[in-house]
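I have placed the structure first, in the form of structure tokens, so that the comments after it can refer back to it.
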Amino acid sequence: MKKSLALSILICVILLNPLIARGESLDIHPDSSGMFDETGISIAVGSIIVILLILLNMLVKRREAQKELTYEHNKYLQTLTSIGDGVMVVGQDGKIEMLNKVAQKLTGWTFPEAQGMHYKDVFVLSHEHEGYTIVDPIEGVFATDMIQELGNHAMLTSRDGTKYNLEDSAAPIKNETNTTVGIVLVFRDVTDKKAQRKKIEYLSFHDSLTGLYNRRFFEEELLRLDTARNLPLSIIMGDVNELKLTNDIFGHAYGDMLLKKVAEVLQNVCRADDIIARWGGDEFVILLPKTHLEETEKIVARIKGEFATEQIKAIKGSISMGFYAKQDITEDLMQVLYNAEEKMYSAKALERDKVRRSVIDSIITTLHQNSPREKNHSLRVSELCQELGRALKLPEVELRKLKEAGYLHDIGKIVLEPKLLNKDYPLTNGECKEMNKHSIVGYRILNSFDDTVDLAELVLAHHEQWDGHGYPKGLKGEEIPLLARIIAVAESYDRIIYDSANNKVMSKADAVGAIRENAGTQFDPKIVELLGCFILKNLSMI
């Protein structure tokens, strides 16, 4: 400013000098009184005023320009400071000249600490995968004088060791002569964004429940691996047995556990190069490159054997499997897949009876392991039902049905916790509601298999009452199946005699009396009378 003012005065002197030098021609000389001519003085003063006004105008404009420049500088600085991305300004010497708040948070350095430090000591950049290198964008700008962007794998390590995935770009800072005087780096934390993207990519090719590949990915792999060098190319199809029953009895959470178990077995048995996928709800498929049928058969046997050792609640692991191989490049791989699937369905049909018996045995065995009291009760009720059926002169077919239904009538109690199952004091209302579900669960179990479907209705109805106040349907009188009425009398009598946990211990005669008190309300009067005659007759024979 001082230099500008001195220059302005010099200009003023230069402009006035000709006027002074030409004073005579302009009559600028003293008159008789010793004063200068008025016209000359006016011209000189006017010139000075004009020049001063020009200088003043220049000074005002300069101040306004300076003010505007300061405003713009502060505005852009404030913008860089307050934006949601990290901003770092680096000078030509590589030393930090500015860090905004976001950059301070991500690097772990405050601006006063980082100012004047070399940027590499603060902005510690690396590749997210060990053994790989990342291009330094600031070095790139210095080398090319062009804007640089980071690759997809940039990782910033903070001062405290925290690692952030980054997206960033670096750009040169130019002066009025278009010379690079520094670099501005703008970067953001994309760790969550990258994790979400990876999750989406993962889910697009994987089954969310089991973690295995999904059908979409498997179909793509079929096309990719369908080459001569992968022959023989074997395919295994598997169907988990009794998934629906597991869901119906114990709920979908346990059905999911069953699926996870089979996925674990498949991964344990198969090789790293094999492609394992969840094909559908309870179906799995395995693609085995360079695998002969003999080896495939061994793999199937191992899978079935290992899964058979698993158990979810009372459901033992069981899977039906079929396999086929593409041996010649001219064969259609989709036909091979179809053949493997057909073999799986054939195996499932052949194994059905064996699986059914295994499931029923597993459930009842688990129930009786949880409660020996229930085991003894089932055996006694089964025998008593058979005796009452004989007294009624039922056909042998009906007698066998009655005996088995008597043994399985409480199979639905498998859903109860052992603590509730073995409780030795009266149940609360909530516990009674839980207990009362067992007839419905028993129906679901027995209705799932051809060999026990005719027992399902009997188990469902064995807590119906003659007067219609029973459960679950509220059936009345002869609406209740005859065999269910027999089971109801036999199991109540046995509870009174042997289950002292919730009832006062009675003699057999007293127990018959207690049953008779409920004839016509809870029980069929004819069955009650039949029970009384049978028990009292046996007592008289002792």
Side-chain angles (χ1 to χ4, degrees), residues 205-207 209-246 255 258-308 310 316-356 358-359 448-450:
F205 293 115
H206 289 80
D207 172 54
L209 175 65
T210 64
L212 300 177
Y213 291 118
N214 59 20
R215 184 167 183 163
R216 172 191 168 190
F217 180 83
F218 185 85
E219 289 173 341
E220 291 181 5
E221 289 298 282
L222 278 179
L223 298 176
R224 185 180 70 84
L225 295 175
D226 190 11
T227 61
R229 64 187 179 87
N230 286 319
L231 297 180
L233 189 57
S234 292
I235 296 177
I236 300 172
M237 290 286 291
D239 187 294
V240 180
N241 294 315
E242 309 316 328
L243 175 63
K244 183 178 184 302
L245 182 63
T246 306
L258 189 66
L259 292 172
K260 289 178 183 178
K261 281 292 182 184
V262 73
E264 289 176 13
V265 170
L266 296 178
Q267 289 173 315
N268 289 337
V269 172
C270 294
R271 304 159 303 188
D273 292 338
D274 298 334
I275 307 299
I276 312 168
R278 186 179 177 193
W279 187 249
D282 55 1
E283 293 182 348
F284 294 82
V285 61
I286 309 169
L287 187 61
L288 304 98
K290 303 176 184 178
T291 308
H292 292 278
L293 282 174
E294 295 79 7
E295 189 177 355
T296 303
E297 188 173 12
K298 292 177 182 177
I299 292 171
V300 167
R302 283 187 59 197
I303 291 170
K304 290 172 71 71
E306 288 199 19
F307 191 47
E310 301 290 345
K316 296 189 73 173
S318 172
I319 183 168
S320 297
M321 308 191 82
F323 58 94
Y324 210 80
K326 176 174 179 173
Q327 316 244 18
D328 189 278
I329 193 62
T330 60
E331 292 181 77
D332 183 359
L333 190 56
M334 295 308 295
Q335 183 62 44
V336 173
L337 178 66
Y338 174 79
N339 291 342
E341 190 173 31
E342 284 297 299
K343 285 198 167 191
M344 176 194 71
Y345 288 134
S346 296
K348 195 173 184 71
L350 293 173
E351 297 166 357
R352 184 172 182 178
D353 290 343
K354 179 181 177 182
V355 169
R356 181 210 68 83
S358 173
V359 171
S448 299
F449 306 103
D450 293 341

Legend entry - D282 side chain near K244 side chain, heavy-atom distance below 4.5 Å: no
Inset, instruction - Begin from the C-alpha positions of K298 and E294 and carry the test salt bridge (Lys or Arg N to Asp or Glu O under 4.0 Å) through to its verdict. - result: CA-CA 7 Å; K298 292 177 182 177; E294 295 79 7; over 6 Å; no
Inset, instruction - Answer yes or no: is there a donor N or O on one side and an acceptor on the other, between the side chain of K304 and the main chain of I319, under 3.5 Å? - result: yes
Inset, instruction - Find out whether F284 and L259 are in side-chain contact, i.e. whether some heavy atom of one side chain is under 4.5 Å from a heavy atom of the other. - result: yes
Legend entry - Under 3.5 Å donor-acceptor, T291 side chain and T296 backbone: no
Legend entry - Any F449 side-chain heavy atom under 4.5 Å of L245 side chain: yes
Inset, instruction - Run through K343, M344, E297, M321 and flag the one making a side-chain contact (heavy atoms from CB on, under 4.5 Å) with I236. - result: M321
Legend entry - Geometric class of the Y213/H206 ring pair [parallel <30°, tilted 30-60°, perpendicular >60°]: tilted
Inset, instruction - Would you indicate whether E220, at its atom CD, is surrounded by more than 12 heavy atoms from other residues, nucleotides or ligands within a distance under 6.0 Å? - result: yes
Inset, instruction - Flag yes if more than 12 heavy atoms outside F205 fall under 6.0 Å of its CZ atom; otherwise flag no. - result: yes
Inset, instruction - Rounded to the nearest 0.5 Å, what's the gap from CG on L231 to NE2 on H292? Could you check? - result: 10.0 Å
Inset, instruction - Count the heavy atoms belonging to other residues, nucleotides or ligands that lie under 6.0 Å from NZ of K326, then report whether that count exceeds 12. - result: yes
Legend entry - Pairwise side-chain contact, E310 with E264, heavy-atom cut-off 4.5 Å (strictly under): no
Legend entry - Minimum-distance pair of heavy atoms, taken over all atoms of L287 and E221: CD2-O, 4.1 Å
Legend entry - Separation of L337 CG from Y324 OH (nearest 0.5 Å): 12.5 Å
Legend entry - Heavy-atom pair of closest approach, residues A325 and L293: CB-CD2, 3.5 Å
Legend entry - Beyond-backbone contact of F307 with V240, side-chain heavy atoms, under 4.5 angstrom: yes
Inset, instruction - Heavy atoms only: give me the nearest D273-P289 pair and the separation to one decimal. - result: O-CD, 4.0 Å
Legend entry - Nearest-0.5 Å distance that lies between atom CG in L212 and atom NZ in K260: 12.0 Å
Inset, instruction - Hey, could you give me the CG/CD distance between D274 and Q267, rounded to the nearest 0.5 Å? - result: 11.5 Å
Inset, instruction - Supply the atom-to-atom distance K261 NZ to L258 CG, rounded to the nearest 0.5 angstrom. - result: 10.0 Å
Inset, instruction - Taking atom CZ of R271 as the centre, report whether more than 12 heavy atoms of other residues, nucleotides or ligands fall under 6.0 Å from it. - result: yes
Inset, instruction - Compare every heavy atom of T210 with every heavy atom of A263, then report the nearest pair and how far apart it is. - result: CB-CB, 3.7 Å
Inset, instruction - Output yes when a side-chain donor or acceptor of E331 lies under 3.5 Å from a complementary backbone atom of Q327, and no otherwise. - result: yes
Inset, instruction - Kindly indicate whether the side chain of F323, heavy atoms from C-beta on, has any atom under 4.5 Å from the side chain of L288. - result: no
Legend entry - T246 (side chain) donor-acceptor with E242 (main chain) under 3.5 angstrom: yes
Inset, instruction - Using a strict cut-off of less than 4.0 Å between a Lys/Arg side-chain nitrogen and an Asp/Glu carboxylate oxygen, indicate whether R302 and E306 qualify as a salt bridge. - result: yes
Legend entry - Minimum side-chain heavy-atom gap L222-I275 below 4.5 Å: no
Inset, instruction - Look at the side chain of K348 and the backbone N and O of S320, then say whether any donor-acceptor pair between them is shorter than 3.5 Å. - result: no
Inset, instruction - Find the distance between CG (L350) and OH (Y345) and round it off to the nearest 0.5 Å. - result: 15.0 Å
Inset, instruction - Return the set of residues passing salt bridge (Lys or Arg N to Asp or Glu O under 4.0 Å) with D450 (not counting sequence neighbours), or none when no residue passes. - result: R352
Inset, instruction - Spell out, as yes or no, whether a donor-acceptor pair under 3.5 Å connects the side chain of N230 to the backbone of L233. - result: no
